[in-house]
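Position 1 is the first residue of the sequence, and the numbers go up from there. Heavy atoms only: backbone and side chains are in, while hydrogens, waters and symmetry mates are out. Just so you know, ligand 1 is whichever comes first in the structure, and atom 1 is the first atom listed for that ligand.
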Amino acid sequence: MTKRTYWLEHAWLDTHVEPGVAVDTADGRITAVHQDVDTPPPGAEILRGLTLPGLANAHSHAFHRALRSTVQVGSGTFWTWREVMYSFADKLTPETYHALARAVYAEMALAGITSVGEFHYVHHAPGGTPYADPNAMGEALIAAAADAGIRITLLDTAYLSAGFGEAPNTHQLRFSDGSAEAWAERCSVLKERDHARIGAAVHSVRAVPAAQLATVARWAEERRAPLHVHLSEQTAENDACLAAHGCTPTRLLADHGVLGPRTTGVHNTHLTDEDIALLGSSSTGTCMCPTTERDLADGIGPAAALQNAGSPLSLGSDSHAVIDLLEEARAMELNERLRTRTRGHWTAAALLRAASADGHAALGWDEAGTIEAGALADLTTIALDSVRTAGPLPRLGAETAVFAATAADVRHTIVGGRHVVRDGAHTLVPDVPQALARAVEALRA
Ligand SMILES: [Zn+2]
């Protein structure tokens with residue numbers, strides 16, 4: 001049994017900052033939390049700054065990292081951005097995707113992220129031919145997370161159509177298994193590991209015919225696995241759904257058994273009052289991706305109304321325009337301030353809960369995201385002495401972390417009791433910028 005004690009100069013204990021906390025761990029779990037420990041116990045690992053529970057990035061498409069900056073040139077919409085995205089998706093192989101995802105997940109670890117929800121739909125070779133191992137791409141992502149030292153929930157995504165009643169286009173052929181039954185058969189072969197869980201996703205109501213939604217929902221229900229779905233990110237999706245089915249995407253999902261407490265709608269941007277009530281009353285979660293939503297000019301989703309209706313909130317960096325969960329957290333609040341011209345819709349504590357405990361729950365890691373006995377020993381330490389964070393009282397550490405710190409202030413990231421980032425350096429991937437540069441270059445070539 002591997003036992004280790006950490007001494008936290010300041011610890012975020014869900015409601016307040018506690019100075020001087022010793023955290024005992026054994027085999028990757030927290031066994032005890034001791035308060036009022038003024039000096040580090042002998043042999044303890046010292047974590048200076050404010051230690052939070054590990055952060056959960058609840059929505060990722062790892063390969064979108066290759067688009068960074070390329071998609072900032074010129075004008076356009078979500079739909080023009082998507083054409084550039086497809087040109088990169090066309091070039092992925094299990095090898096190049098592994099190299100890119102390993103580097104991207106290492107970037108996430110450096111940003112204090114201990115778990116990622118990978119919304120994965122590039123399943124087959126270009127043209128749609130399955131690889132010798134039909135899950136070669138998913139396995140590449142699971143291996144990449146292990147190499148980068150973080151947890152992953154592989155949200156294996158059903159993507160079967162280009163739009164309502166439309167066959168997949170050339171780019172989308174490699175996303176499609178042909179039917180939800182074939183999707184389920186392929187996913188059922190994927191095995192969970194210590195660091196990896198398997199969940200399901202419906203790409204969107206555009207990409208899975210209504211008659212096949214229940215097959216995906218049932219697969220997740222039988223396994224009690226998380227089920228994610230892109231929902232009403234664009235008004236064009238709502239218009240097309242109304243034309244095809246006479247109802248909103250949320251109503252369509254509700255009618256086909258997709259909503260529920262293990263389901264998370266991603267974006268949930270353009271909703272009616274009835275949609276909000278349906279999501280809230282079914283305890284369906286909402287994953288907001290504010291840096292992507294603003295980057296893609298999607299709009300501002302009604303996060304506060306959704307939470308008030310009963311939808312738990314999580315956060316994701318989605319297209320990885322930037323990878324910074326602290327920025328996602330503050331952006332959700334700041335978007336709401338701009339819209340309403342009032343301040344303080346969420347406390348820093350509530351925003352941290354979305355970035356940690358509730359994000360982990362959305363990914364099926366219910367035992368992560370808190371600093372308490374029994375929880376996974378996943379910790380993220382934010383420097384309180386950097387140029388951005390110096391000055392405020394330590395008891396305002398949560399406010400400092402959410403409203404002033406960035407990913408650059410993450411000093412330590414610990415996953416399952418292992419120091420994945422120590423003093424701002426990744427311990428498993430020696431040169432993360434170089435790994436990113438090489439992996440992106442390989443796709444650009
Ligand atoms: Zn997405």
Side-chain angles (χ1 to χ4, degrees), residues 56-68 71 77-86 88-89 92 97 100-101 104-105 108 113 115-123 137-138 141 152-163 171-172 174-176 199-208 216 226-238 249-250 253 258 263-271 284-301 303 313-325 327-328 331-332 354 359 362-363:
N57 189 356
H59 190 65
S60 160
H61 308 281
F63 79 91
H64 291 191
R65 175 63 176 79
L67 281 65
R68 191 176 289 183
V71 283
T77 64
F78 170 88
W79 306 102
T80 56
W81 169 90
R82 194 174 72 153
E83 289 306 311
V84 183
M85 185 267 280
Y86 282 158
F88 280 90
L92 294 168
Y97 206 2
L100 178 60
V104 173
Y105 296 157
M108 288 186 193
I113 291 160
S115 299
V116 62
E118 180 64 34
F119 197 105
H120 165 56
Y121 54 83
V122 188
H123 301 305
M137 293 296 246
L141 293 163
I152 184 171
T153 297
L154 187 76
L155 298 160
D156 196 297
T157 305
Y159 196 133
L160 307 171
S161 53
H171 304 292
Q172 295 161 341
R174 58 184 316 196
F175 310 161
S176 175
V202 166
H203 179 274
S204 57
V205 293
R206 285 178 278 127
V208 176
V216 183
L227 171 59
H228 287 215
V229 51
H230 288 135
L231 181 55
S232 290
E233 181 178 6
Q234 293 291 322
T235 52
E237 171 178 300
N238 290 0
T250 302
L253 294 176
V258 176
T263 300
T264 296
V266 180
H267 303 302
N268 296 359
T269 310
H270 302 286
L271 302 180
T284 301
T286 294
C287 180
M288 300 297 289
C289 307
T291 67
T292 290
E293 289 147 5
R294 71 194 186 196
D295 183 64
L296 294 178
D298 287 341
I300 302 170
L313 300 177
S314 54
L315 297 162
S317 65
D318 189 6
S319 69
H320 312 313
V322 294
I323 294 178
D324 188 338
L325 256 280
E327 173 65 26
E328 301 294 346
M332 186 163 70
L363 297 178

Check against side-chain contact (heavy atoms from CB on, under 4.5 Å), M108 and S60
CA-CA 10 Å; M108 288 186 193; S60 160; 3.6 Å; yes

Steps toward salt bridge (Lys or Arg N to Asp or Glu O under 4.0 Å) verdict (E327, R294):
CA-CA 12 Å; E327 173 65 26; R294 71 194 186 196; 2.8 Å; yes

Among the N, O or S atoms of D318, which one sits nearest to the Zn ion (ligand 1)?
OD1

Between H230 and H228, does the ring centre distance come in under 6.0 Å?
no

Under 2.8 Å from the Zn ion (ligand 1), is there an N/O/S atom belonging to H59?
yes

Salt bridge (charged side-chain N to carboxylate O under 4.0 Å, His left out) involving R206 - partner list, sequence neighbours excluded:
E237

How about H230: does one of its N, O or S atoms come closer than 2.8 Å to the Zn ion (ligand 1)?
yes

